[in-house]
Amino acid sequence: MDAAALLDATHAPMVLIGSDERIAAANSAAEAVFGPGIQGQHYITALRHPVLLDCIEGAIGTQQPRSTRFPARDSVRDTTYIATAAPIAGQAGVLLFLEDVSHIEEASQMRRDFVANVSHELRSPLTALLGFIETLRGPARDDREAQDRFLEIMGREAERMNRLIQDLLSLSQVEAEERRPPTGQVDVTSLVTSASEALEPQAQERGVELGISGADSPLHVRGSPDQLAQIFTNLIENAVKYGGDSATVEISALDHDPELQGPAVRVTVEDNGDGIDQLHIPRLTERFYRVDTHRSREMGGTGLGLAIVKHILNRHRGRLRISSEPGKGSRFTVILPHQGS
Ligand SMILES: Nc1ncnc2c1ncn2[C@@H]1O[C@H](COP(=O)(O)OP(=O)(O)OP(=O)(O)O)[C@@H](O)[C@H]1O
Ligand SMILES: [Mg+2]
């Protein structure tokens, strides 16, 4: 059988090195990594990368398989491979094959970033608490007035840590359930109305006029009431926190949504704030992503709200659309499959 044809049957890059140390065969995946036309060349000229050459040399010398990590770069993306050079039993040749492990590397990088972010978010309130405890024990020991002031700040910082922990727990619960579709029936109109009513005091405090329209008839979707309420609360709260002086919530039923390919319930939360630069929009649903970290922290935000929204919507087969015109305001639209009135 033709060796090249055999190697071509797999998507993993594979190179067969003959007893004369020349490339006897290479599949197209290997040519995509090392360039076309390497067949017939000496492996040192064809493969070039020192880590690979050491690995092959070692396999030839010891007649034992050797593996190495091989980061490859092309114009499109970086790929990390585990390269293995394996001597072929009874033949004086070596088979080199590459296994793409980029997704594993990416996952562990994400885990590291996540832990670093969580630690960072917890560290500042914790540092503040430790500092105030120190002061209360020492310089402010007999100062009643200072004690009251510090205790109030300490309460706020502890509150912030508490909120972060709650959001983290909620995120991990939503992620765990993401593949399990919700079973209950919920009325979106009443969920949105109560979320909006619950945020009314916060809106008044900030001088934001919060209006709601289209809330006259019940609209049912299949879903978890708690999770859907979380979506609307976060979107309306964001409009109140980051928007200008007016926020409007609009509920409507769509006969046919092209993306969901069926009837849908649409909830639009719009504000007249500074808006969000186009650059940030695709990243807003990433965990801990905030446009203005300082401003968001001051408002007690953790940057997890929209990440939670995205996961809840995935579970409910819904969609989130974000559009914004800097200087004019932002619009967040949630679309959920409609189950009838
Ligand atoms: N309506 C809006 N107008 C302008 N910026 C917004 C708006 N909604 C969200 N953002 C930006 O997106 C970021 C992420 O929002 P998200 O809801 O995920 O986090 P948060 O509100 O800061 O924290 P949390 O929701 O956990 O309290 C915000 O920090 C803010 O910078
Ligand atoms: Mg938020």
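Order of appearance sets the numbers: ligands from 1, and atoms from 1 within every ligand. What you see below is based on every heavy atom in this structure, not just the backbone, and it leaves out hydrogens, waters and symmetry mates.
A salt bridge is defined here as a Lys NZ or Arg NE, NH1 or NH2 lying under 4.0 Å from an Asp or Glu carboxylate O, and E286 with R283 meets this definition. A salt bridge between E121 and R287 is absent, with no side-chain N of the basic residue lying under 4.0 Å from a carboxylate O of the acidic one. For R156 and E159, the salt-bridge test fails: no basic side-chain N is under 4.0 Å from an acidic carboxylate O.
With a 4.0 Å cut-off on non-hydrogen atoms, V291 touches ligand 1 through its backbone as well as its side chain. With a heavy-atom cut-off of 4.0 Å, D274 does not touch ligand 1 at all. Contact annotation: for N234 versus ligand 1, heavy atoms closer than 4.0 Å belong to the side chain alone. For D167, every heavy-atom contact with ligand 1 shorter than 4.0 Å involves the side chain, none the backbone.
Here the protein heavy atom with the shortest distance to atom 17 (O) of ligand 1 is N238 ND2, 2.8 Å. The protein heavy-atom contact nearest to atom 12 (O) of ligand 1 is L284 CD2, 3.4 Å. Here the protein heavy atom with the shortest distance to atom 26 (O) of ligand 1 is T302 OG1, 2.6 Å. Summary of contacts: the protein heavy atom closest to atom 29 (O) of ligand 1 is R290 CG, 3.2 Å. For atom 15 (O) of ligand 1, the nearest protein heavy atom (residue, atom name, distance) is L306 CD1, 3.6 Å. Among all protein heavy atoms, the one lying closest to atom 5 (N) of ligand 1 is I276 CG1, 3.5 Å. For atom 1 (N) of ligand 1, the nearest non-hydrogen atom of the protein is D271 OD2, 2.8 Å.
The nearest non-hydrogen atom to atom 30 (C) of ligand 1, considering only F332, Y289, Y242, comes from Y242.
Here N234 meets the criterion, with an N, O or S atom under 2.8 Å of the Mg ion (ligand 2).
Contact check for D257 versus R319: no side-chain heavy atoms found under the 4.5 Å cut-off. Counting only heavy atoms from C-beta outward, the side chains of I281 and Q278 approach each other to under 4.5 Å.
The side-chain tip of R69 does not point at the ring of Y81 from less than 6.0 angstrom away and within 45° of straight on.
Note on ligand 1: R163 sits outside its first shell, no heavy atom being nearer than 4.0 Å. Residue contacts with ligand 1: S330 is included, with a non-hydrogen atom under 4.0 Å away. Under a 4.0 Å heavy-atom criterion, G303 is in contact with ligand 1.
Between F34 and F70, the ring planes lie parallel to each other; the angle is under 30°, not in the 30° to 60° tilted range. Using cut-offs of 30° and 60° on the angle between ring planes, the pair Y289 and H280 is tilted.
Rounding to the nearest 0.5 Å places NE2 of H220 at 4.5 Å from CG of D187.
Counting the atoms of ligand 1 from 1 in the order shown, those under 4.0 Å from a heavy atom of K241 are 21 (O), 27 (O).
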Decide salt bridge (charged side-chain N to carboxylate O under 4.0 Å, His left out) for D167 and R163; before the verdict, give the C-alpha distance in whole Å, the side-chain angles of both, and the deciding distance to 0.1 Å.
-> CA-CA 6 Å; D167 276 358; R163 224 174 9 238; over 6 Å; no

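The shortest N or O to N or O distance between G305 and ligand 1 is below 3.5 Å.
For CG of D255, the number of neighbouring non-hydrogen atoms (other residues, nucleotides, ligands) closer than 6.0 Å is 12 at most.
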